[in-house]
Amino acid sequence: MIENFEELKQICNGCTKCGLCETRTNVVFGVGSPNAEVMFIGEGPGENEDLQGEPFVGRGGQLLDKMLDCIDLTREKNIYIANMVKCRPPKNRDPAPDEQEACIGYLRNQVYLIKPKIIVCLGRIAALKIIDPNFKVTKQHGSWIVKNGVHMMGTFHPAALLRNPHNKPEAFEDFLKLRDKIHEICDHTY
Ligand code: SF4
């Protein structure tokens, strides 16, 4: 494991471990506080994220920011947001298993350095990899499990909420559960 956050970021920014390096504009390492107690994990960058080098900055990202704001979380202050793969899969396809495998070490290293108390997986792909290989978002969203001492929850991906807005109330309830969990186990998020 790399012990320094900036060093890890620099290594990741120059990474050529999988084929996604050939089509990326920017590596999307992550954003937020390295001291965050709450970490959000998505699957991979989309077009806007690739262009700007920051996760969740398109319409889905704007929705995520609004939902975060409702429970007093902001990417500038008290959370960290990262993706499972750091380079955009062409045409926004799901990251392939070999690409996930090539990249997951960076995310593991981020988790190792940040040491979050809570991880929220945004969408099916992240929840499958991190929480449960059979995870079903529609059935299991909002449920907490504890793995290696970290409280984990999966919820809807913001882009999926834009496609299926009828799921927004359930997603918002998940965020309220997150707020309760933060009050219960976190020291300095609020
Ligand atoms: S997706 Fe990950 S493993 Fe592949 S080139 Fe980008 S940083 Fe490296």
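Indexing begins at 1, ligand by ligand and atom by atom, following the structure's order. Residue indices begin at 1 and follow the sequence shown.
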Is the shortest distance from a Lys or Arg side-chain nitrogen in [X] or [Y] to a carboxylate oxygen in the other one below 4.0 Å?
X      : Y      : answer
Arg124 : Asp94  : yes
Asp72  : Arg179 : no
Arg75  : Glu54  : yes
Lys17  : Glu101 : no

Under 4.0 Å from any heavy atom of Arg24, which atoms of ligand 1 are there?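 Listed by number with element, the hits are 5 (S), 6 (Fe).
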Short list, please: which atoms of ligand 1 are under 4.0 Å from a heavy atom of Cys21?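 Within the 4.0 Å cut-off of Cys21, ligand 1 contributes 5 (S).
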Geometric cation-pi criterion Lys181 and Trp144, 6.0 Å radius, 45° cone: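 Yes; both conditions hold, so Lys181 lies above the ring face of Trp144.
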Heavy-atom contacts under 4.0 Å between Glu99 and ligand 1: side chain, backbone, both, or neither?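 Neither part.
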Relative to the ring of His183, is the ring of Tyr190 parallel (under 30°), tilted (30 to 60°) or perpendicular (over 60°)?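 Tilted, since the angle between the ring planes falls between 30° and 60°.
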N, O or S from Cys87 under 2.8 Å to atom 6 (Fe) of ligand 1: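 So Cys87 counts as coordinating atom 6 (Fe) of ligand 1, yes.
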Minimum-distance protein heavy atom relative to atom 2 (Fe) of ligand 1: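 Going atom by atom, the protein heavy atom closest to atom 2 (Fe) of ligand 1 ends up being Cys103 SG, 2.3 Å.
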Identity and distance of the protein heavy atom lying nearest atom 8 (Fe) of ligand 1: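 Its nearest protein heavy-atom neighbour is Cys15 SG, 2.3 Å.
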Out of Cys18, Ala102, Pro45, who gets a non-hydrogen atom closest to atom 4 (Fe) of ligand 1?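 That would be Cys18.
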